[in-house]
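The figures that follow rest on heavy atoms only: side chains count, while hydrogens, waters and symmetry mates do not.
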Amino acid sequence: MFKSTGAKTPEEYIRSIDEPRRSEMRKMHEFIISVVPDLKSFMISGMIGYGSYHYVYASGREGDWSVIGLASQKNYISVYVCAVTEGVYIAEKYKKDLPKASIGRSCVRFKKIEDVDFGILKKMLLEAAATLPKT
């Protein structure tokens, strides 16, 4: 699903990306940690994850995942918002507010950082972070 990387830390991951994408990823990473500083960043499945949670499916399958993810893809940057409020995926909820992005259930894809409305993205990140149980 995601491009494999040998990076062990978010900083290693960002350093491994060629310019100009590296600068865009660094800016996005710094933005995310400034908005949701309590969500620890870590590497998961070839991308940067922020804030982890444990899931259990009805089948009994379970695991850990991040509530927010950041990945550099071949043609775009992806911000994953893996949270639902009131039965709606948060990313889909803001689709009309991000006309320059491609939105999937939990994914916001954009070709260049100038296409991002950081005010809307901030709302999405805060809403996602609020779905995590308080520890």
Side-chain angles (χ1 to χ4, degrees):
M1 182 174 180
F2 297 102
K3 182 180 176 184
S4 64
T5 176
K8 303 275 190 264
T9 66
E11 187 54 41
E12 282 181 27
Y13 176 67
I14 292 169
R15 279 196 313 261
S16 74
I17 301 166
D18 293 333
E19 287 294 355
R21 180 70 60 82
R22 178 186 315 135
S23 294
E24 293 177 328
M25 288 291 289
R26 184 173 313 286
K27 182 176 180 179
M28 187 60 64
H29 174 63
E30 290 171 356
F31 175 76
I32 293 170
I33 59 176
S34 74
V35 171
V36 287
D38 293 338
L39 300 187
K40 181 180 181 266
S41 63
F42 59 98
M43 292 301 299
I44 185 167
S45 294
M47 68 177 168
I48 304 171
Y50 305 86
S52 64
Y53 66 93
H54 189 77
Y55 63 86
V56 180
Y57 291 131
S59 67
R61 180 178 165 203
E62 60 183 285
D64 295 301
W65 197 246
S66 60
V67 71
I68 297 166
L70 176 63
S72 177
Q73 308 293 356
K74 182 178 179 179
N75 296 314
Y76 49 83
I77 293 173
S78 296
V79 176
Y80 296 90
V81 183
C82 305
V84 174
T85 58
E86 300 174 2
V88 178
Y89 287 90
I90 291 172
E92 287 184 327
K93 181 176 161 182
Y94 289 95
K95 187 173 186 169
K96 66 176 176 35
D97 298 320
L98 296 167
K100 292 185 176 182
S102 170
I103 310 288
R105 281 194 162 171
S106 298
C107 185
V108 177
R109 294 175 291 272
F110 53 93
K111 292 190 179 209
K112 53 188 178 193
I113 205 158
E114 295 82 24
D115 291 343
V116 178
D117 180 327
F118 283 93
I120 298 298
L121 185 58
K122 180 178 181 177
K123 287 180 185 180
M124 292 171 63
L125 299 176
L126 290 170
E127 195 170 331
T131 68
L132 290 173
K134 303 293 182 225
T135 57

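No continuous path of ILVMFWY side-chain contacts below 4.5 Å connects V84 to Y57, so the two sit in separate hydrophobic clusters. When hydrophobic clusters are built by joining Ile, Leu, Val, Met, Phe, Trp and Tyr residues whose side-chain heavy atoms come closer than 4.5 Å, directly or via intermediates, I33 is grouped together with V79. Residues V88 and V108 fall into different hydrophobic clusters, defined by Ile, Leu, Val, Met, Phe, Trp and Tyr side chains chained together at heavy-atom separations under 4.5 Å.
Under the rule for a side-chain hydrogen bond (donor to acceptor under 3.5 Å, both in side chains), R105 has no partner lying at least two apart in sequence or in another chain. Take V56 and apply the side chain to side chain contact (heavy atoms under 4.5 Å, CB included) test, not counting sequence neighbours, and it matches H54, E62. With sequence neighbours excluded, no residue forms a side-chain hydrogen bond (donor to acceptor under 3.5 Å, both in side chains) with T131.
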For the pair Y94 and V81, evaluate side chain to side chain contact (heavy atoms under 4.5 Å, CB included) and give the outcome as yes or no after the intermediate values.
CA-CA 11 Å; Y94 289 95; V81 183; over 6 Å; no

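The two residues I17 and S72 come nearest to each other via the heavy atoms CD1-CB, 3.8 Å. Of all heavy-atom pairs spanning H29 and P10, the tightest one is CE1-CB, 4.0 Å. Pairing each heavy atom of A71 with each of Y13, the nearest pair is CA-OH, 3.5 Å. Closest approach of S66 to C82, counting heavy atoms only: O-CB, 3.6 Å. Taking every heavy atom of both residues into account, S78 and Q73 meet most closely at OG-CG, 3.5 Å.
Looking at V36, I68, V67, D38 one by one, the single match for side chain to side chain contact (heavy atoms under 4.5 Å, CB included) with L132 turns out to be V67.
For the pair L70 and M47, the minimum side-chain heavy-atom distance is 4.5 Å or more. For the pair I32/L39, no side-chain contact is recorded, criterion being any heavy-atom separation below 4.5 Å from C-beta on. Looking only at side-chain heavy atoms (C-beta outward), Y50 and S41 come within less than 4.5 Å of each other. Taking 4.5 Å as the limit, every side-chain heavy atom of R15 sits out of range of all side-chain heavy atoms of M25.
A donor-acceptor distance shorter than 3.5 angstrom exists from the side chain of R21 to the backbone of Y76, with no hydrogens or angles considered.
From E11, atom CD reaches atom CE of M43 across 11.5 Å, with rounding to the nearest 0.5 Å. Put simply, CD1 on I14 and CD on E30 are 7.5 Å apart, with the number rounded to the nearest 0.5 Å. To the nearest 0.5 Å, the span separating CD1 on I77 from CD on E24 amounts to 4.5 Å.
Between the side chains of E19 and S23, a donor-acceptor pair is found at a separation under 3.5 Å.
Screening residues 81-91 for side chain to side chain donor-acceptor pair (under 3.5 Å) gives T85-E127 as the qualifying pairs, with residues at least two apart or on separate chains.
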Let me check something: any side-chain donor-acceptor pairs from residues 110-123 under 3.5 Å, sequence neighbours excluded? List them with distances.
residue	atom	partner	partner atom	Å
D117	OD1	G119	N	3.0
D117	OD1	I120	N	3.1

In residues 95-103, what donor-acceptor pairs under 3.5 Å come from side-chain atoms, sequence neighbours left out?
residue	atom	partner	partner atom	Å
S102	OG	R109	NE	3.4
S102	OG	R109	NH2	3.0

